[in-house]
Protein chains: 2
Amino acid sequence: MIIRKNRSKNGKKYRTPDGVPADIVMFTLTKRERKTVTKTLPIRELKVMLIRRRSWPYAGMWALPGGFCRENESIYDAAKRELKEETGVDGGHLEYLGVYSAPGRDPRGWIISNAFYALVEEWMLEHRQAADDAEEVGLFTIQEALEKLELAFDHRDIIMDAYRKIQHQMLQTTIAKQFLPEHFTLSELYQVIQTVVPEFKEPNFIRKITSTRSRRGILEEARDENGKPLSSNQYSQRPAQLYRFTDHIPLLSIYT
Amino acid sequence: MIIRKNRSKNGKKYRTPDGVPADIVMFTLTKRERKTVTKTLPIRELKVMLIRRRSWPYAGMWALPGGFCRENESIYDAAKRELKEETGVDGGHLEYLGVYSAPGRDPRGWIISNAFYALVEEWMLEHRQAADDAEEVGLFTIQEALEKLELAFDHRDIIMDAYRKIQHQMLQTTIAKQFLPEHFTLSELYQVIQTVVPEFKEPNFIRKITSTRSRRGILEEARDENGKPLSSNQYSQRPAQLYRFTDHIPLLSIYT
DNA sequence: TAAATAGTGTCTCTTAGACATTATGGT
DNA sequence: ACCATAATGTCTAAGAGACACTATTTA
């Protein structure tokens with residue numbers, strides 16, 4: 001390991017970091033049809049994408065996709081680039097998570113990782129076999145990733161933090177839209193929320209979302225060009241009204 | 001500027017960063033007594049602490065306190081250390097804000113800054129003249145800092161982001177406690193919230209905070225050892241009940 | 001007693017929450 | 001006709017929001 005030093009204003013020499021990578025916790029919601037006699041919602045599962053490391057350190061273990069930031073790009077750009085290079089995903093929702101800098105977290109040296117999380121739709125992963133040359137990639141449920149796999153570096157911590165953050169965001173923002181088509185039924189929305197936050201229970205969900213003043217504005221009914229309400233019976237016998245997110249996100253306060 | 005290079009797994013050489021500092025947006029709430037004939041709440045103002053740079057780059061301009069992370073500490077530790085070294089503050093609330101990595105943001109080289117924000121009480125700043133040797137420090141309102149001062153680096157962006165985040169947190173978490181004594185009146189709490197988030201208006205604040213089920217639990221009445229309610233007439237003629245924060249923070253959702 | 005802030009009464013309209021009921025279309 | 005899911009009806013208790021009113025202390 002080469003130790004590089006930098007000179008500070010008071011003349012002391014300090015080592016500089018050996019690299020600042022961006023690591024990406026890439027979530028997707030898989031959709032699997034249920035074999036039932038009648039139409040029904042598909043089974044959805046939250047999955048995280050991991051890559052099996054081929055070289056030292058942690059060779060053979062699963063790790064987050066990522067790579068070093070270059071001098072002429074921001075860390076966000078690096079994350080976007082690595083997401084594309086390593087998983088073939090170009091697009092989707094990419095957001096900053098946090099910095100991971102505990103001394104000794106990377107045996108290669110002093111490496112300060114910036115973590116991101118990405119939310120992508122399942123179809124964006126279709127070409128991942130082509131995109132990654134010889135990298136073994138896998139989709140795992142959060143439970144598998146956290147409990148069954150041995151993960152490289154501090155990536156277990158990062159995944160836990162990302163999972164907590166996405167749960168939080170699912171309830172407080174409209175990121176659910178990242179996992180839904182432009183138009184969706186309220187049952188679909190409810191299922192997406194519950195898939196990410198299993199504790200979420202709201203018996204009167206449909207009514208509350210459609211008929212209370214404080215929630216008016218986060219969704220609107222989907223309509224065709226003539227203003228006629230759009231509905232779908234893809235997942236049910238009786239057609240369900242389709243909705244879309246507006247760009248309004250209500251502000252919440254614990255005091256009001 | 002010395003360009004340092006690192007060798008990646010495929011043999012290419014990459015430059016490594018010249019430093020990863022922690023910069024701190026230090027907020028405090030100043031309290032100034034009003035000269036009135038009767039007792040009244042003091043005037044509170046949200047202030048941010050800045051340091052005047054003495055050397056290149058941006059010599060003479062105001063900047064956030066901060067400094068380079070060392071190899072045997074985490075970035076959080078670096079922030080804590082710099083907060084103490086540069087402002088004399090040891091304690092208070094220190095939380096991560098984000099990473100600032102736009103190419104060219106620092107003329108000294110490739111420098112990726114991690115920003116924190118700190119909330120400290122006014123008395124913690126009393127010894128700052130002693131703590132900083134010859135550094136000129138100043139406390140400014142957000143408006144002064146953002147509109148009147150020329151700030152070094154991208155520190156204006158950082159302060160704006162920190163301000164937005166503290167406003168958000170003030171409404172969604174109980175960080176108000178960082179600006180209040182252990183026991184406080186509801187008027188004080190209301191004033192603190194409004195000082196940080198001027199848009200916050202809640203005519204029935206006292207009633208809502210004390211008598212609605214969903215808010216029960218974030219505050220509790222302060223009582224002495226005999227269980228008798230504590231009150232204070234420090235800021236008013238009629239004594240006001242004192243409250244304290246519990247450690248409960250309610251979870252909010254835009255859907256419920 | 002006047003002033004100032006703390007805190008409660010009261011009224012109306014909306015919402016929460018729980019269940020029951022009706023609606024729609026496919027098998 | 002039956003089933004599954006969509007959507008509405010209904011009822012009670014709680015909360016929002018506005019405003020008036022009472023309470024407690026000091027000058």
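Each chain gets a letter, A, B and so on, in the order its sequence line appears, and its residues count up from 1. Atoms considered below: every heavy atom in the structure, side chains included; atoms not considered: hydrogens, waters and symmetry mates.
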(message) Any donor-acceptor pair under 3.5 Å linking the side-chain atoms of Q169(B) with those of Y117(B)?
(response) yes
(request) Taking atom types as modelled, find out whether Y100(A) and D161(A) have a side-chain donor-acceptor pair closer than 3.5 angstrom. (result) yes
In whole angstrom, what separates [X]'s [atom1] from [N]'s [atom2]?
X	N	atom1	atom2	value
Q191(A)	dA4(D)	CD	P	17 Å
Y243(B)	dA6(C)	OH	P	12 Å
N233(B)	dG7(C)	CG	C1'	15 Å
I209(B)	dG15(D)	CD1	C1'	14 Å
E188(B)	dG7(C)	CD	P	12 Å
K208(B)	dA14(D)	NZ	C1'	13 Å
Y190(A)	dA7(D)	OH	P	15 Å
R34(B)	dT5(C)	CZ	P	8 Å

Protein and nucleotides 9-12 of chain C: nitrogen or oxygen contacts under 3.5 angstrom:
{"from": "dG9(C)", "atom 1": "N7", "to": "R207(B)", "atom 2": "NH2", "distance (Å)": "2.7"}
{"from": "dG9(C)", "atom 1": "O6", "to": "R207(B)", "atom 2": "NH1", "distance (Å)": "3.1"}
{"from": "dG9(C)", "atom 1": "O6", "to": "R207(B)", "atom 2": "NH2", "distance (Å)": "3.4"}
{"from": "dT10(C)", "atom 1": "O4", "to": "R207(B)", "atom 2": "NH1", "distance (Å)": "2.8"}

Is [X] close enough to [N] that one of its side-chain N or O atoms is under 4.0 Å from OP1 or OP2 there?
X	N	result
K201(A)	dG17(C)	no
T40(B)	dA4(C)	no
T212(B)	dA14(D)	no
T36(A)	dA4(D)	no

(request) Check whether more than 12 heavy atoms from other residues, nucleotides or ligands sit under 6.0 Å from atom CD of E150(B), and answer yes or no. (result) no
(message) Please check if the number of heavy atoms outside R34(A) that lie under 6.0 Å from its CZ is greater than 12.
(response) yes
(message) For E122(A), is there an ion pair with K47(A) - N to carboxylate O distance below 4.0 angstrom?
(response) no
(request) Determine, for E202(A) against K208(A), whether the closest basic-nitrogen to carboxylate-oxygen distance falls under 4.0 angstrom. (result) yes
(request) Report yes if some heavy atom in the side chain of Q237(B) is under 4.5 Å from a heavy atom in the side chain of K39(B); otherwise report no. (result) yes
(message) I want to check something: taking the side chain as every heavy atom from C-beta on, are V192(A) and F184(A) in contact at a cut-off of under 4.5 Å?
(response) no
(request) Measure up the F116(A) and Y96(A) rings against each other and bin them: parallel (under 30°), tilted (30 to 60°), perpendicular (over 60°). (result) perpendicular
(request) Return the nearest nucleotide to the side chain of S187(B); candidates are dA18(D), dT5(D), dT5(C). (result) dT5(C)
(request) Could you check S211(A) against V37(B) and say which one's nearest nucleotide on DNA chain C is further toward the 5' end? (result) V37(B)
(request) Pull out every residue in residues 235-242 of chain B that has a heavy atom closer than 4.0 Å to any atom of DNA chain D, ordered by number, or say none. (result) Q237(B), R238(B), P239(B)
